[in-house]
Amino acid sequence: MATKTSIHGAWSSRWAFILAATGSAVGLGNIWKFPYITGENGGGAFVIVYLFCIAIIGVPIMMAEIMLGRRGRQSPINTMHTLAIESGHHPGWKFIGILGVLAGFLILSYYSVIAGWSLAYIFRAGAGAFTGQTPTGIEAIFDSLLGNPEALLGWHTLFMAMTVIVIARGVKHGLERAVKFLMPALLILMLILVGYAINTNSFGKGVSFLFNLNFSDLGWGAILTAIGHAFFTLSLGMGAIMIYGAYLPKDASIAKTTFTIAAADTMIALLACLIVFPLVFENGLKVGEGPGLVFVTLPLAFGKMDGGVFFGTLFFILLTFAAWTSAISLLEPVVTWLVENKGLKRVTASLIAGGVTWLVGVLTVFSFQKDSPIIFSFKFAGEQKSNGVFDILDILTANIMLPVGGVLIAVFAGWIMSREASRDELEIGDGHTYNLWRVLVRFISPALIVIVILKLTGLLDPIIYLFTPIVDMFRS
Ligand code: TRP
């Protein structure tokens, strides 16, 4: 049986954990990524699928991850190892943790570059660069940032350094305190921006785009993107929430905690869309613009509104903080593993992990340079991608590694761990809720994910073909 507390520390209360986990969940995924993938995938129908994925796949798997973390109390790799042995299975299950640490590395490498855009925009906004600009002018500002590798590299380096510093100091100090003020501030500022969007003539158009029910164009690729994003936005599938769970007091309710985090995360993502889409229509921009969407629409609004310099600067400061609290959770699993298994000091482990991630991030910097050799176009699941290595990293991690990691976590929690152990750890009072959770992690979530992955790899149709004679037999 694992120890009662982790060697890396503990949260001071259930609320501290909620804040930290919400800080991990709410990040670029909500404000930068969700609006642009919703735009690329046609709006409402995609949003509905995404909300369904959060409820049916995200919530139960988040409960599973927190539960495993709290029971193992170590880095994800060692937690999986310990729990596999505890339940009499092969320690090879620690492979889930290894896959996760790898995914975390790859995600953070590009996450840091995008967070660098946000850092750069603090100063653009502060200098009044957006004031009175036309849509073309704003796009030119964005393109000139992307076309400047030295600047991108500089901001990426600064952001990685900020992440390493917090991790090196330990999660409890600084992080807990910072999140307490910054998250509410971000929410208030976003509500102000929604107020601005409501007053444009295109608010209705934005809302109807966000909630249209046009399922006809929704392909399997979009469905996989929705599943992948449910993992990405809730920080699931790679052990980030698992390691945060390792610092959770034993008496906290995992179910209640999970609902709070998932609700907060979803609200921020929807608010971001309520701000972005009216502005897109108002200014004649393209919804399918891609990764630059928020960095073009929001500055336009800041350029026009009263006090735009102030609100714009504040917004990018808060976005950077949201990204910061997420980046920390991407690095924490590997650092704890280096400390546990390689005997490194926390500071050394943070520097090494941060340094390697920084190096991989350089690839993303060059993915946005028009004439660089690593920028190329390709098609994935029927969608055209044009940012080379950045798109590959994004698809590989968010659309493949996180869902696969999630299936494995669900299978582990539902099939490998004993009923007694999960029941004891989750401590859900009434049997119905527990049974519902167990059905979701044992059958529903893994099945949904596997079906979509099989469909996209072209393996689903032959399987259906094999089963048709059997189905026909029952029909006749
Ligand atoms: N959830 C964060 C966001 O939406 C990103 C993130 C942090 C993440 N930790 C993670 C994504 C772990 C996947 C796995 O911006």
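For ligands, and for the atoms within them, numbers begin at 1 and follow the listed sequence. Heavy-atom basis, side chains included; hydrogens, waters and symmetry copies ignored.
Shown in contact with L28 at under 4.0 Å from a heavy atom are these atoms of ligand 1, numbered in order with element: 15 (O). Remark: ligand 1 atoms within the under-4.0 Å shell around heavy atoms of A240 are 12 (C). Of all the atoms in ligand 1, the ones that sit under 4.0 Å from a non-hydrogen atom of S329 are 7 (C), 9 (N). Heavy-atom proximity to M238, at under 4.0 Å, picks out these atoms of ligand 1: 12 (C), 14 (C). Taking every non-hydrogen atom of I107 and a distance limit under 4.0 Å, the qualifying atoms of ligand 1 come out as 13 (C).
If you check each of S24, G27, G29, G239 against atom 2 (C) of ligand 1, the one with the closest non-hydrogen atom is S24. Counting only non-hydrogen atoms, the option in A323, A103, S235, G23 that gets closest to atom 8 (C) of ligand 1 is S235.
No heavy atom of W32 sits closer than 4.0 Å to any atom of ligand 1.
Surrounding NZ of K345 are at most 12 heavy atoms belonging to other residues, nucleotides or ligands under 6.0 Å away. Within a 6.0 Å radius of CZ in F310, no more than 12 heavy atoms belonging to other residues, nucleotides or ligands are found.
Salt bridge K33/E40: absent, no basic N to carboxylate O contact under 4.0 Å. The pair E332-R346 meets the salt-bridge criterion, with a side-chain N (NZ, NE, NH1 or NH2) lying under 4.0 Å from an Asp/Glu carboxylate O.
Here the heavy atom of the protein found nearest to atom 15 (O) of ligand 1 is Y111 OH, 2.5 Å. At the top of the distance list for atom 1 (N) of ligand 1, counting protein heavy atoms only, stands F232 O, 2.8 Å.
At a heavy-atom cutoff of 4.0 Å, ligand 1 is contacted by no atom of I241, backbone or side chain. The proximity of A25 to ligand 1, defined as any non-hydrogen pair under 4.0 Å, is limited to the backbone. With a 4.0 Å cut-off on non-hydrogen atoms, L402 touches ligand 1 through its side chain and not its backbone.
The aromatic rings of Y121 and F295 sit perpendicular, their planes meeting at an angle over 60°, well past the 30° parallel limit. Ring geometry, F277 versus F209: the interplanar angle falls from 30° to 60°, so the pair is classed tilted. Note: F34 and Y50 have tilted aromatic rings, judged against thresholds of 30 and 60 degrees for the angle between ring planes.
Evaluated for a ring-ring contact (aromatic ring centres under 6.0 Å, His included) with F123, the options W155, F316, W117 yield exactly one hit, W155.
Atom CG in L236 sits 7.5 Å away from atom CD1 in I409 (nearest 0.5 Å).
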